[in-house]
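One structure below.
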Number of protein chains: 2
Amino acid sequence: VPRTAYVNGRFVPMRAAGVAVEDRGLQLADSVYEVILVHAGRLVDEAPHLDRLERSLGEVRMAPAMGRAALRCVMGEVLRRNRIASGMLYVQMTRGTAPRSAAFPPDSETTLIMYARALPPPDPEAVTDGVAVITVPDIRWGRRDIKSTSLLPNVLAKQRAVDEGCFDAWQVDADGFVTEASAANAWIVTPDRHLLTRPVSPDILAGVTRATAIELAREMNVRFVERPFTAQEAKTAVEAFQTNASITVVPVTRIDGVAIGDGKPGPITMTLVRRYFDYMSGGG
Amino acid sequence: VPRTAYVNGRFVPMRAAGVAVEDRGLQLADSVYEVILVHAGRLVDEAPHLDRLERSLGEVRMAPAMGRAALRCVMGEVLRRNRIASGMLYVQMTRGTAPRSAAFPPDSETTLIMYARALPPPDPEAVTDGVAVITVPDIRWGRRDIKSTSLLPNVLAKQRAVDEGCFDAWQVDADGFVTEASAANAWIVTPDRHLLTRPVSPDILAGVTRATAIELAREMNVRFVERPFTAQEAKTAVEAFQTNASITVVPVTRIDGVAIGDGKPGPITMTLVRRYFDYMSGGG
């Protein structure tokens with residue numbers, strides 16, 4: 001259980017940490033956030049997460065609650081006070097508290113929320129079974145490149161997967177192409193051994209772990225191509241996996257009940273799992 | 001300034017009313033809400049607002065925080081404690097507080113937030129100038145029939161209107177048809193005197209004021225038709241207006257700078273403004 005959170009200038013016990021009922025994050029999802037993995041006491045890919053946070057703030061025209069140096073200072077203090085060696089750091093900024101009205105308030109101050117949670121460290125040996133996913137229509141808004149808290153469609157997609165005994169849902173656009181999982185980027189390996197993931201656009205979140213995985217894949221003996229692929233193509237893939245910051249690289253071995261390859265995590269996937277683990281353990 | 005809010009079983013001073021940082025409404029927009037107009041000490045259209053709240057809860061599979069009779073009791077007490085004769089009552093339910101994870105938590109309890117704000121009563125004489133709107137692409141998610149707090153696209157659309165010196169933004173779908181304003185249903189009167197508004201579907205919120213206005217229009221000497229209309233058709237209309245619960249019927253006299261009719265609120269619109277005012281003043 002996290003013990004100390006940071007909210008608007010103060011470190012407070014987690015049980016007392018909260019926001020006002022007229023906070024725009026709570027009432028209007030007028031807020032952006034990041035989840036950063038903590039491994040061996042270190043924030044993994046801290047700089048690109050902060051880059052993306054700044055980009056999200058810019059896209060929704062929200063003033064940062066503080067400058068980057070100050071933010072990094074508070075982040076370090078949150079980790080220290082909670083003695084987190086392995087887990088995740090959560091950072092959220094909202095457009096502050098004001099009488100409810102859709103337009104930007106004239107003088108609200110950005111709300112900053114930060115806390116950390118201890119979690120077991122990722123273990124490459126634990127993922128050897130892979131996970132099953134379903135496909136669902138992608139009904140999210142048009143700006144999925146902004147990491148906002150407008151996440152109700154993601155919640156409903158993920159829960160539908162859980163209801164069907166699966167780990168996650170791969171969302172599919174109106175043309176039949178996979179966009180991404182509920183909170184992770186989707187990848188496949190085609191029968192002719194091309195590694196594919198969808199190019200960055202407003203249709204998907206530009207995953208930090210996705211970018212790192214691309215770098216790692218480029219050092220591997222694999223032909224990497226950024227292009228969209230359909231749900232049908234995914235089901236005929238020889239390997240599949242998904243990437244995100246909090247659970248890193250997860251092999252996908254069933255899509256809508258169809259076994260991918262021989263139904264076990266493939267060699268390219270498992271090489272990437274291990275390389276990512278090495279990367280976050282110190283190579284990064 | 002509102003003085004007393006109700007949060008999770010307790011009446012608390014507004015300045016102290018809040019939710020936890022791991023509330024799913026704040027982190028995931030996993031929440032639904034209603035705004036109900038208070039006029040002459042009475043909740044306008046209370047029953048259909050509660051019907052819609054129950055429908056939204058059902059669609060996102062969230063347990064109500066309490067039964068309808070208890071909820072009405074608390075609503076009355078919030079109005080009484082805040083001595084609201086004219087204003088609005090805000091009711092929000094979230095899927096409770098739990099360690100952040102997209103899937104439904106196994107045992108969270110629904111968060112209930114309620115408060116009221118005093119506002120000047122609507123005045124049919126004050127709307128005689130009408131308002132200007134812009135049109136923007138509708139980039140919201142696919143379930144706009146659920147009154148959820150996933151409202152960031154609505155915020156950005158409304159702010160864009162404000163930036164352009166306009167009152168609101170009419171959102172337009174990929175086929176060129178108007179869906180609705182940022183938080184209000186859109187209506188036009190065609191040159192051959194047909195009153196149009198878009199039929200209810202997942203593309204729009206089924207406005208409570210929209211439904212009441214349809215009833216009132218049926219008592220007027222006007223041919224009412226539920227059908228979609230394009231932004232282009234709206235600009236050639238002879239009258240236009242929008243409806244929602246908090247500001248009721250608002251004449252629209254400019255769309256993207258184009259004057260509607262003679263640039264003043266038209267006779268059908270103003271008849272509806274007055275009939276709605278009579279309705280909420282005691283006829284309803």
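The chains referred to below are lettered A, B, ... by the order of the sequence lines, with proteins before strands, and numbering in each begins at 1.
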Chi angles and distances behind the side chain to side chain contact (heavy atoms under 4.5 Å, CB included) call for V19(A), V19(B): CA-CA 6 Å; V19(A) 301; V19(B) 301; 4.0 Å; yes

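In this structure, chain A has a heavy atom under 4.5 Å from the side chain of I113(B), while its backbone stays farther away. Contact of R160(B) with chain A is not made at all, since no heavy-atom distance falls under 4.5 Å. Heavy-atom distances place both the backbone and the side chain of Q27(B) under 4.5 Å from chain A. At a 4.5 Å heavy-atom cutoff, the contact between A17(A) and chain B is made by backbone and side-chain atoms alike. Proximity to chain A (any heavy atom under 4.5 Å) is shown, for P99(B), by both the backbone and the side chain.
In terms of heavy-atom pairs under 4.5 Å with chain B, the best-connected choice from S150(A), G142(A), S182(A), A157(A) is S150(A). Here L28(A) is the residue among T97(A), L28(A), D138(A) with the most heavy-atom pairs under 4.5 Å with chain B.
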Listing, residues 100-109 of chain A side-chain donor-acceptor contacts under 3.5 Å, not counting sequence neighbours, or none:
unit_1	atom_1	unit_2	atom_2	d
R100(A)	NH2	Y33(B)	OH	3.2
S108(A)	OG	R95(A)	O	2.7

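Two residues are said to be in side-chain contact when any heavy atoms from C-beta on lie closer than 4.5 Å; W141(A) and L152(B) meet this criterion. With a 4.5 Å cut-off on side-chain heavy atoms, V21(A) and M14(B) count as touching.
Close approach to chain B, defined as a heavy atom under 4.5 Å from one of its heavy atoms, is seen in V162(A), D163(A) of residues 162-174 of chain A, taken by number.
With hydrogens and angles ignored, the 3.5 Å screen pairs a side-chain donor or acceptor of Q92(B) with a backbone N or O of L26(A).
We find the CG-OG1 distance between L151(B) and T149(A) to be 10.5 Å, quoted to the nearest 0.5 Å. Within the model, atoms CD1 of I146(A) and CG of L156(B) stand 6.5 Å from one another, a figure rounded to the nearest 0.5 Å.
Atom CZ of R55(B) has more than 12 heavy atoms from other residues, nucleotides or ligands within 6.0 Å.
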